[in-house]
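Working notes for the structure below.
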Number of protein chains: 2
Amino acid sequence: MLSAIMEDYLKAIYYLQDETDERVRTSTLAEHMGVEQPSVTSMMKKLAERDLVHHEPYKGVELTDTGIPIALEIIRHHRLLERYLTDHLEYDWAEVHDEADRLEHHISNQFADRIAEQLGDPAVDPHGDPIPTAELDISAPKCGETLADHQVGDSVRIERVPDEDADLLRYLSEHGIHPGTEVEIVEVTSFGMVTLDLDGGDEPVALPEKVARSISAQSLSEDTS
Amino acid sequence: MLSAIMEDYLKAIYYLQDETDERVRTSTLAEHMGVEQPSVTSMMKKLAERDLVHHEPYKGVELTDTGIPIALEIIRHHRLLERYLTDHLEYDWAEVHDEADRLEHHISNQFADRIAEQLGDPAVDPHGDPIPTAELDISAPKCGETLADHQVGDSVRIERVPDEDADLLRYLSEHGIHPGTEVEIVEVTSFGMVTLDLDGGDEPVALPEKVARSISAQSLSEDTS
DNA sequence: GAACGAAATTAGACGAGACTAAGTTTATAG
DNA sequence: CTATAAACTTAGTCTCGTCTAATTTCGTTC
């Protein structure tokens with residue numbers, strides 16, 4: 001059996017690995033977990049002993065084939081919980097992350113399967129991230145352009161927004177931006193500000209470029225049905 | 001903040017205190033928690049330091065006025081979860097205890113309040129135990145006779161069954177015994193066997209006297225409406 | 001190719017919560 | 001009133017996951 005903390009490390013490694021496609025560095029993991037580097041090193045040794053990660057000293061870690069499904073299981077729990085909290089328990093978009101982060105380690109697979117069933121086996125969570133199936137298949141590994149990749153004048157549909165920053169989520173929510181929202185990019189400044197026009201018709205919404213780069217968005221070109 | 005383990009101790013003390021109305025002994029608590037006695041003593045010191053229990057060395061512990069509401073909060077979480085798992089997630093009667101025992105420490109009060117709302121603020125859990133309100137009032141402190149307190153020929157309604165023993169619950173469930181079931185006591189043997197006749201009309205159900213004493217049941221006399 | 005700085009690891013300690021072994025206290029029997 | 005058994009506490013150790021301080025390795029720059 002794995003502790004909740006070990007599970008958290010595996011989840012973090014999965015995310016970071018997904019982002020960069022390289023071995024995950026000790027320092028990156030330490031920052032992401034909010035601990036000091038030696039704590040990471042010692043945990044990596046324990047996980048490596050159980051054959052959940054491959055640890056190349058001084059070079060970083062990556063999940064093994066044993067570790068990946070465990071990470072995916074936790075991610076499935078997390079995203080199903082987020083969906084359930086918003087859809088069935090009237091949670092606000094910005095509130096779900098912390099609750100799901102705690103509960104993901106403590107619900108059984110039976111619990112996860114039951115809420116998946118009630119939700120009709122949803123494909124994505126409220127932030128647009130794909131939910132692994134019960135067999136731990138995960139779609140749309142990582143594809144896609146971000147808001148920052150488009151030009152002024154482009155019309156795009158928001159696909160995914162990051163789920164960690166509650167303040168950002170509240171801001172986006174207040175301005176009507178969710179996965180599925182269609183927006184037009186009306187301005188990109190040299191000092192890193194991206195301005196959007198909502199389809200709905202409110203006043204434009206400005207975002208720092210760093211934020212724009214964390215939001216996935218797909219072109220609304222006519223050929224893609 | 002309290003650890004999940006500290007919460008478990010407080011809950012256990014509450015239950016045991018409720019049963020006997022005396023200070024709870026170290027040995028009783030050790031057995032209930034599945035640990036050795038010294039572990040209990042050292043935990044009692046920590047809880048006493050935080051003024052959650054009053055510990056009289058060699059004599060036992062009792063919850064303080066600070067400790068009681070914390071125990072009640074956890075019991076509220078537990079019983080609401082049991083109700084929710086059976087009513088909304090199709091859990092079997094016998095399956096809910098373990099899941100609730102883990103989750104009770106990790107759900108927020110917000111989560112508890114939301115599921116309470118969805119359930120219509122139920123008064124009792126699936127085993128008939130009262131659920132504390134959001135204000136932590138708990139009804140029906142402990143009253144009531146058990147199956148073993150009645151005579152042959154008496155007709156009674158089952159009120160509460162213990163929730164810890166999954167095998168017993170499965171057995172009772174298979175024989176149609178739930179809170180609310182009306183039964184007649186048809187035999188009490190000298191060697192400790194109690195036999196019941198179900199209102200429904202199936203064949204009689206036999207229980208050891210020890211079990212009968214753990215099941216609350218109220219007389220179906222005509223005067224109590 | 002040597003030296004330096006950043007990153008990682010090793011070494012050693014600590015708090016939580018458990019354990020075993022050893023010593024106290026309490027209660028009960030004679 | 002004393003002896004003794006049971007219950008309880010104290011003392012000391014262990015594992016887990018963290019920390020700080022000290023050391024080693026890597027990669028790059030001159």
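Computed from a predicted structure; not experimentally measured. Sequence lines set the chain letters: A, B, ... in the order given, protein chains first and strands last, and positions in each chain run from 1.
Residues passing the ring pair (Phe, Tyr, Trp, His ring centres under 6.0 Å) test with B/H150: none are found, sequence neighbours excluded. Every residue meeting the ring pair (Phe, Tyr, Trp, His ring centres under 6.0 Å) condition with A/H97, not counting sequence neighbours, appears here in chain and number order: A/H78.
With A/Q17 contributing its side chain and A/L63 its backbone, the two residues share a donor-acceptor pair below 3.5 Å.
Salt bridge absent: A/R114 and B/E90 never bring a charged side-chain N and a carboxylate O closer than 4.0 Å. Using a cut-off of 4.0 Å between Lys/Arg side-chain N and Asp/Glu carboxylate O, A/R170 and A/E174 are scored as not salt-bridged.
Within residues 49-56 of chain B, the residues that place at least one heavy atom under 4.0 Å from DNA chain D are, in residue-number order, B/H55. Less than 4.0 Å separates DNA chain D from at least one heavy atom of each of the following residues of residues 20-36 of chain B: B/R25, B/T26, B/S27. Contacts of residues 2-15 of chain A with DNA chain D (heavy atom under 4.0 Å): A/S3, A/I5, A/M6, A/Y9.
Counting heavy-atom neighbours within 6.0 Å of A/D65 CG, excluding the residue itself, gives a total of 12 or less. Open room surrounds CD on A/E31; 12 or fewer heavy atoms of other groups in view lie less than 6.0 Å from it.
Side-chain contact between B/E164 and B/L169 is absent, with no heavy-atom pair separated by less than 4.5 Å. Proximity of B/L47 to B/V61: side-chain heavy atoms (C-beta onward) are nowhere separated by under 4.5 Å. With a 4.5 Å cut-off on side-chain heavy atoms, A/T195 and A/V152 do not count as touching.
Distances shown here put every side-chain N or O of B/K45 at or beyond 4.0 Å from the OP1 or OP2 atom of D/dT9.
Where the helix from C/dG1-D/dC30 to C/dG30-D/dC1 starts and where it ends, the local axes point in directions that differ by 20°; five pairs per end, rounded to 10°.
Going from atom NE2 of A/H105 over to atom P of D/dG17 covers 12 Å, rounded to whole Å. Atom-to-atom, CE of B/M43 to P of C/dA16 comes out at 9 Å; the value is rounded to the nearest Å. For the pair A/Q37 CD and D/dT25 C1', the computed distance is 13 Å after rounding to whole Å. The CE atom of A/M44 sits 12 Å away from the P atom of C/dA8 (whole-angstrom rounding).
Residue B/E104 forms a side-chain contact (heavy atoms from CB on, under 4.5 Å) with just one option from B/I74, B/I75, B/L80, and that option is B/I74. Tested against B/R76 for a side chain to side chain donor-acceptor pair (under 3.5 Å), the candidates B/D113, B/T133, B/D125, B/N109 yield a single pass: B/D113.
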Report the C-alpha distance between A/R83 and A/D129 in whole Å, list the side-chain angles of each, state the deciding distance to 0.1 Å, and finish with yes or no for salt bridge (charged side-chain N to carboxylate O under 4.0 Å, His left out).
CA-CA 10 Å; A/R83 186 90 258 168; A/D129 293 314; over 6 Å; no

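For A/T41, taking side-chain heavy atoms from C-beta onward, the closest of the listed nucleotides C/dA18, D/dT9, C/dA8 is C/dA8. Ranking D/dT9, C/dT9, C/dT26 by closeness to the B/K59 side chain, first place goes to C/dT26. Considering only side-chain atoms of A/P38, the nucleotide from D/dT9, D/dA21, C/dG17 that sits closest is D/dA21.
Between B/H106 and A/H106, the angle of the ring planes stays under 30°, which puts this pair in the parallel group of the 30/60° scheme.
When each of A/Y58 and A/S39 is assigned the nucleotide of DNA chain D with its nearest heavy atom, A/S39 is the one assigned upstream, toward the 5' end.
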